[in-house]
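The structure appears right after this line, and notes come after that.
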Amino acid sequence: MQKKAILLCVNIDHIATVRQARGGIEPDPVHGAVLCEQHGADGITVHLREDRRHIQDRDVRLLKEVVRGKFNLEMALSGEIIQIALETAPHQVTIVPEKRQELTTEGGLDVKANAGAISKAVRQFHERNILVSLFIEPNLEAIDISKQTGADFIEFHTGTYCHAFGSPSEKKELARLYEAAEKAVAIGLRVNAGHGLNAENVIPILNMKGLEELNIGHSIVSRAIFKGLPAVVREMKDVIRHFTPDRAV
Ligand code: PXP
């Protein structure tokens, strides 16, 4: 049986989180995006939050120029951010719920309560040829409503499954995702998934019906720190070891 390629869009928000910790210019997420794509990422995902805690407007503008694969902008349904997204015209927007106090996106969109606003935003994005994905729980009613809004994709929130991974409820959470994916494909929605995924828990997710794209950030940026530390410590030791007093003045 021929395998369909599943795309990896790397979420680089936490490169920006480190930059914002000092308020300086490094590490630059735009540089990170180039490296990710040079090493096989199929696209780049960022979340321009209303509080600008990590990704900044300047990053979004530059990423639009630099990203060669898919550029996926995560965003809340806020007038200001919708305007920026329409002006930037990424390949895809993923509409997510957003609360100021949260550490990361908690749970999927309430598509029932926001159906009117979502449908209006979908029409605006489609007028600019921007694909729309809705970040939702693997819930059958939410899938039906998502389809009615005219969205192209749904992205299943995999966070609950990831928390359950290795516990007795893992099977149940995985079954919910599988059933939801079957339903989405059956009614003509395209399927993405993300949140909390790492190199271990992603494996059963790869069996999800119709899965086209994964959005993975935290585990990739976390692993990159440990993979990169040995070389960077060696580099600093070399600088110190090769210091000669007359070079310093
Ligand atoms: N997908 C969506 C909609 C998200 O909000 C996030 C987190 O920003 C991710 C995927 C990536 O999640 P993680 O950083 O846990 O891999």
Side-chain angles (χ1 to χ4, degrees), residues 6-18 20 29 32-33 36 41-56 59-60 63 70-78 81 85 90-111 114 118 121 125 131-139 142-143 146 151-165 173 177 180-181 184 189-206 208 211-225:
I6 296 169
L7 305 185
L8 170 65
C9 291
V10 179
N11 179 315
I12 56 172
D13 291 350
H14 294 311
I15 299 179
T17 300
V18 177
Q20 297 311 110
C36 289
D42 302 291
I44 298 295
T45 295
V46 294
H47 184 174
L48 183 68
R49 294 187 76 105
E50 287 181 87
D51 64 9
R52 308 299 200 271
R53 69 174 69 163
H54 40 51
I55 292 295
Q56 305 296 308
D59 302 329
V60 173
L63 287 166
K70 192 168 204 176
F71 180 29
N72 173 38
L73 181 65
E74 289 177 6
M75 49 172 286
L77 264 187
S78 110
I81 305 287
H91 297 113
Q92 176 175 295
V93 292
T94 298
I95 301 177
V96 300
E98 193 176 302
K99 296 191 213 96
R100 293 225 168 208
Q101 312 77 357
E102 68 193 358
L103 289 178
T104 180
T105 315
E106 289 168 0
L109 261 181
D110 184 346
V111 281
N114 295 292
I118 294 171
F125 287 124
L131 293 166
V132 182
S133 179
L134 306 180
F135 185 57
I136 61 168
E137 295 295 325
N139 163 305
I143 297 167
S146 298
D152 307 281
F153 285 85
I154 35 97
E155 176 177 337
F156 286 123
H157 181 238
T158 50
T160 312
Y161 153 75
C162 291
H163 274 121
F165 190 70
E173 293 306 331
L177 284 161
L189 275 169
R190 300 174 71 183
V191 177
N192 299 338
H195 214 282
L197 294 171
N198 60 33
E200 226 186 322
N201 62 24
V202 74
I203 292 169
I205 294 295
L206 299 175
M208 236 167 74
L211 179 65
E212 293 196 32
E213 291 166 21
L214 291 168
N215 287 299
I216 306 182
H218 191 264
S219 73
I220 290 179
V221 175
S222 305
R223 293 267 303 145
I225 292 174

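Counting starts at 1 for both ligands and their atoms, following the listed order. As the structure is a prediction and not an experimental result, all values here were calculated from the model. The figures here come from the full heavy-atom set of this structure, side chains too, leaving out hydrogens, waters and symmetry mates.
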Side chains of [X] and [Y]: do they bring a donor and an acceptor to under 3.5 Å?
| X | Y | result |
| --- | --- | --- |
| Asn192 | Glu212 | no |
| Ser219 | Asn198 | no |
| His157 | Glu137 | yes |

| query | Is the shortest distance from a heavy atom of Gly196 to ligand 1 less than 4.0 Å? | reply | yes
| query | For the residue pair Asn201 and Cys162, what are the closest heavy atoms and their distance? | reply |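 So the two residues come closest at ND2-SG, 3.5 Å.
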| If you look at every heavy atom in His47 and Asp13, which pair is closest and at what distance? |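 Residues His47 and Asp13, closest heavy atoms: N-OD1, 2.9 Å.
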| query | Between His195 and Phe135, how do the two ring planes meet: parallel, tilted or perpendicular, split at 30° and 60°? | reply | tilted
| Atoms of ligand 1 less than 4.0 Å from Phe135 heavy atoms? |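 Counting atoms of ligand 1 from 1, those under 4.0 Å from Phe135 are 2 (C), 3 (C).
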| For ligand 1, which atoms have a heavy atom of Ile216 less than 4.0 angstrom away? |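 Reading through ligand 1 atom by atom, the close ones are 16 (O).
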When only distance counts, is [X] in polar contact with ligand 1, meaning an N/O pair under 3.5 Å?
| X | result |
| --- | --- |
| His14 | no |
| Glu155 | yes |
| Glu74 | yes |

| Region of His47 engaging ligand 1 - heavy atom pairs below 4.0 Å | neither
| query | Using a heavy-atom cut-off of under 4.0 Å, does the side chain or the backbone of Val96 touch ligand 1, or both, or neither? | reply |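 For Val96, the contact with ligand 1 is made by the side chain alone.
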| Atom CZ of Arg52: over 12 foreign heavy atoms under 6.0 Å | yes
| remark: Among Pro97, Gly217, Gly194, closest by heavy atom to atom 16 (O) of ligand 1 is Gly217
